[in-house]
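Here is the naming used below: chain letters follow the sequence lines, and residue numbers restart at 1 for every chain.
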Amino acid sequence: MILTALNGTFLSMEKMKRTATCGSLRASDENKTIILNGWVHRNRDHGGIHFINLRDRYGETQIVVDEDVPAELAELAGSLKFEYCVAIEGVVRKRPDAMINPDMPTGEIEVSVKKIEVLNTCLTLPFMIEDETDSNETARLKYRYLDLRSKGMQERIILRSKVTHAARDFLQRTGFLEIETPTLIKSTPEGARDFLVPSRLHAGKFFALPQSPQLYKQLLMVSGFDKYFQVARCYRDEDARGDRQLEFTQVDLEMSFVSRDDVLTVTEGIMANVFKETMGVELQTPFERLSYDDAMNLYGSDKPDLRFEMAFQDFAPFVPGSDFSVFKSVLESDGVVKAMVVPGAAAAYSRKKITELEDTAKTYGARGLAWMKVTAEGLDGGVSKFFGDQADAIKSGLGANDGDLILLMAADWKTACTSLGAVRSRLGKDLDLIDESVFRFCWIVDFPLFEYNEDEQAWEPAHHMFSMPQDQYLDTFESDPGPVKGDLYDLVLNGYELASGSIRVHDPELQQKIFNVVGFPKEQAEERFGYLLESFRYGAPPHGGLAFGLDRLVMILAGKSSIKEVIPFPKNSAGMSPMDESPALVDEPQLNDLHLQVVMPEED
RNA sequence: GGAGGCGUAGCGAAGAUGGUUAUCGCGCCGGCCUGUCAAGCCGGAGAUCGCGGGUUCGAGACCCGUCGCUUCCGCCA
């Protein structure tokens with residue numbers, strides 16, 4: 001291969017091809033003549049002696065330009081700027097004892113340079129290549145190829161590769177087949193908005209990009225590939241968040257002839273292997289299991305962070321003995337009153353700080369947040385005057401001690417749970433209750449199969465329409481959908497929903513009944529995924545599965561709060577790429593080919 | 001769609017209650033320097049303070065609007 005340098009000289013890579021990497025050399029390599037290829041990370045010219053830190057993805061090595069090198073070489077070394085791509089030939093030597101750098105894996109040695117070739121120069125950088133940049137995100141995304149050179153990004157992308165490999169390895173080893181499914185599919189009505197791809201060959205028709213391989217993996221079960229998995233790219237046209245992108249990656253799996261626990265066990269095996277191979281952490285399995293009802297009642301979330309306690313308690317028993325009409329009227333209208341004891345927080349939480357907690361609760365629909373402080377004498381502040389004569393009963397009933405803060409939430413069940421749950425999450429952070437080194441998994445099981453949509457006055461699938469009701473509801477789910485639990489499960493890690501799955505419906509008649517409950521017209525079902533329903537009539541096996549978010553998992557392992565930090569080329573929060581400026585307008589002829597006309601929204 | 005935060009040099013930041021040459025660090029350019037590893041020292045260039053309007057003798061700061069980014073709610077497994 002011949003590379004052309006900017007100055008017009010020709011450089012043959014053959015002659016300066018690396019014989020070692022920048023992370024590989026140790027004291028045992030002393031006296032070896034080696035060639036390194038990499039980027040100029042730092043350049044420290046002391047006049048007589050001169051140090052260059054050369055970097056590649058394996059590490060950094062200190063290059064020394066001694067005082068007695070030819071003037072030409074010294075001059076070339078002095079001209080090297082940040083991020084020049086260079087080849088360096090030199091001799092490995094031990095550093096003098098006092099100069100050993102214990103913070104660098106290669107800190108015992110340095111390379112005495114004999115020859116430098118500039119493979120490519122570099123413009124002045126838009127931001128410095130540092131371990132973790134604090135540059136703004138737009139600049140990082142615009143120059144993503146530079147951002148990706150940083151140690152932090154390199155480590156995370158490498159971690160991601162290892163995580164994928166560990167998951168794949170476990171699944172292959174336990175008999176799963178990796179099978180690809182199409183990314184140009186038919187639009188389905190359930191879930192998020194689809195990305196559409198217009199068809200050139202068929203005017204007016206569209207493919208959709210898959211939100212997940214859901215239907216195809218079920219069809220693979222019908223085909224007899226009883227253990228399937230795929231590292232699948234998924235697409236959802238929804239607003240971005242820190243842990244969401246328009247396109248993301250799932251490790252998707254499905255199994256035949258299984259019950260719920262089989263799927264959970266396989267998933268625990270994947271996680272155990274991933275954590276062992278990438279973090280050196282031995283996970284305790286099986287993971288804790290919590291019903292959806294318990295998770296909501298105790299922690300106010302279907303993805304509770306169990307790294308700290310502060311579970312909710314029922315405060316309703318203390319309401320009838322008081323004159324607090326707010327709580328009473330909530331109970332009379334079938335609401336709940338929940339209490340959360342915040343240990344030792346009474347002194348630290350002024351009225352102002354409690355108001356901030358109340359604001360958190362209000363963003364989740366709460367009307368307010370009541371509170372009292374526990375003192376040696378009884379209860380103090382907030383709503384304590386209504387409950388003073390029950391002070392002892394409340395203290396012992398809630399297990400509250402001197403100096404604790406009691407927070408009370410009265411609302412309909414779901415609002416009370418979620419808003420107090422938001423307050424709990426916030427307190428977990430504010431009070432520094434979370435041990436960041438802990439990975440706390442739990443399964444949330446027994447989700448409701450249906451949710452009532454007040455606006456639409458109709459039942460909706462809580463997850464999707466292909467999940468199985470639990471056996472004990474098979475006779476009643478049509479007449480009374482509310483209490484029905486499904487064989488659905490979520491895997492939660494440190495407050496993040498990591499995986500989600502279910503045992504599927506494989507019986508066409510049962511599937512039709514579920515469509516009926518959620519008011520999904522038969523004709524529309526036939527139109528949208530009749531092929532799946534039909535496949536069920538050809539000996540479809542019982543099956544179930546799950547998918548976990550790879551981006552989210554790697555994000556948690558990397559200790560980050562945004563999946564952008566573990567995706568090589570993510571979109572920004574507006575769903576655009578500052579680097580290639582996508583999405584972009586296309587030419588008229590392209591639109592014509594696709595039989596499309598663009599109607600721009602009206603400007604107000 | 002809604003709420004909050006931010007926008008000052010290539011990058012990161014400072015700029016009490018408005019006051020005249022807008023500050024600091026990194027980077028950039030030039031010079032010095034024999035052991036650094038975020039090297040150090042000296043000098044220099046670089047900013048219509050996101051944009052538009054307003055209040056004022058005077059606006060980076062205050063007000064209104066607008067755009068961009070960002071976090072959260074909605075939405076989304």
Quick check against the 3.5 Å criterion: does [X] have a side-chain atom that pairs as donor or acceptor with the backbone of [Y]?
X	Y	answer
A:Ser582	A:Ala584	no
A:Arg260	A:Ser502	no
A:Glu110	A:Val92	no
A:Asp294	A:Leu290	no
A:Arg424	A:Asp305	yes

Between the protein and nucleotides 66-72 of chain B, are there any N/O to N/O pairs under 3.5 Å, and if so, what are the atom names and distances?
unit_1 : atom_1 : unit_2   : atom_2 : d
B:U70  : OP1    : A:Glu137 : OE2    : 2.8
B:U70  : OP1    : A:Ser573 : N      : 3.3
B:U70  : OP2    : A:Ser573 : N      : 3.4
B:U70  : OP2    : A:Ser573 : OG     : 2.2
B:U70  : O5'    : A:Ser573 : OG     : 3.4

Check your understanding: In this structure, which one of A:Val64, A:Asn101, A:Ile109 forms a side chain to side chain contact (heavy atoms under 4.5 Å, CB included) with A:Arg95?
Key ->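 That would be A:Asn101; it is the only one of A:Val64, A:Asn101, A:Ile109 passing the side chain to side chain contact (heavy atoms under 4.5 Å, CB included) with A:Arg95.
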
Using the [atom1] atom on both, measure [N] against [M] and round to a whole Å.
N	M	atom1	value
B:C64	B:G1	C1'	23 Å
B:C67	B:C51	P	16 Å
B:C24	B:G44	P	11 Å
B:U21	B:G27	C1'	25 Å
B:A16	B:G12	C1'	23 Å
B:A3	B:A14	P	26 Å
B:G46	B:C41	P	23 Å
B:A45	B:G30	C1'	10 Å

Point to revise | Pair A:Arg244 + A:Asp551, salt bridge at N-O below 4.0 Å | key: no

**Study point:** Test: A:Arg42 and A:Glu60 ion pair at under 4.0 Å
**Key:** no

Practice item. For A:Phe439, enumerate each residue passing the ring pair (Phe, Tyr, Trp, His ring centres under 6.0 Å) test, keeping only those at least two apart in sequence or located in another chain. Key: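 Listed in chain order: A:Phe275.
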
Would you list the atom pairs, donor with acceptor, under 3.5 Å between side chains in residues 73-86 of chain A and any protein atom, with sequence neighbours excluded?
unit_1  : atom_1 : unit_2   : atom_2 : d
A:Ser79 : OG     : A:Leu76  : O      : 2.7
A:Glu83 : OE1    : A:Arg55  : NH2    : 3.0
A:Glu83 : OE1    : A:Arg149 : NH1    : 2.8
A:Glu83 : OE2    : A:Arg55  : NH1    : 2.8

[X] [atom1] to [N] [atom2]: how many Å, rounded?
X	N	atom1	atom2	answer
A:Glu451	B:C75	CD	C1'	14 Å
A:Leu123	B:C29	CG	P	12 Å
A:Tyr84	B:C28	OH	P	10 Å
A:Ile129	B:A38	CD1	P	17 Å

Review point. Quick one: what's the B/S/- string for nucleotides 1-7 of chain B, heavy-atom cutoff under 4.0 Å, read 5' to 3'?
Key: B------

Check your understanding: Nucleotide by nucleotide, 5' to 3', does protein get under 4.0 Å of the base (B), only the sugar-phosphate (S), or neither (-) in nucleotides 31-37 of chain B, counting heavy atoms?
Key -> --BBBBB

With a 3.5 angstrom cut-off on both distances, give the Watson-Crick or G-U wobble partner of [N], or none if there isn't one.
N	value
B:U36	none
B:U48	none
B:G60	none
B:G68	B:C6
B:G43	B:C29
B:G1	B:C73

Modelled atom types, side-chain donor and acceptor of [X] and [Y], under 3.5 Å:
X	Y	result
A:Tyr228	A:Gln230	yes
A:Asp487	A:Ser467	no
A:Thr355	A:Lys353	no

Review point. Under 3.5 Å, is there an N or O donor on one side and an acceptor on the other linking the side chain of A:Arg244 and the base of B:C76?
Key: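 Yes.
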
Might you list the N or O atoms of the protein lying below 3.5 Å from N or O atoms in nucleotides 22-27 of chain B, with each pair's distance?
none

Practice item. Please work out which of the three classes, parallel, tilted or perpendicular, describes the rings of A:Phe287 and A:Phe441, given edges at 30° and 60°. Key: parallel

Practice item. Please state whether the rings of A:Trp459 and A:Phe450 are parallel, tilted or perpendicular, taking 30° and 60° as the class boundaries. Key: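 It falls in the perpendicular class, over 60°.
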
Practice item. Enter the distance from A:Ile185:CD1 to A:Leu215:CG here, rounded to the nearest 0.5 Å. Key: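 Taking CD1 in A:Ile185 and CG in A:Leu215, the distance rounds to 7.0 Å.
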
Exercise for review: Tell me whether B:A14 sits syn or anti, counting syn as a glycosidic angle within 90° of 0.
Suggested key: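 Base orientation relative to the sugar is anti.
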
Revision key, fill the gap. Whichever of A:Phe127 and A:Asp490 has the more 5' nearest nucleotide on RNA chain B, that residue is A:Phe127

Practice item. Would you mind classifying the nucleic acid contact of A:Ser500 as base, sugar-phosphate or nothing, using non-hydrogen atoms under 4.0 angstrom? Key: base

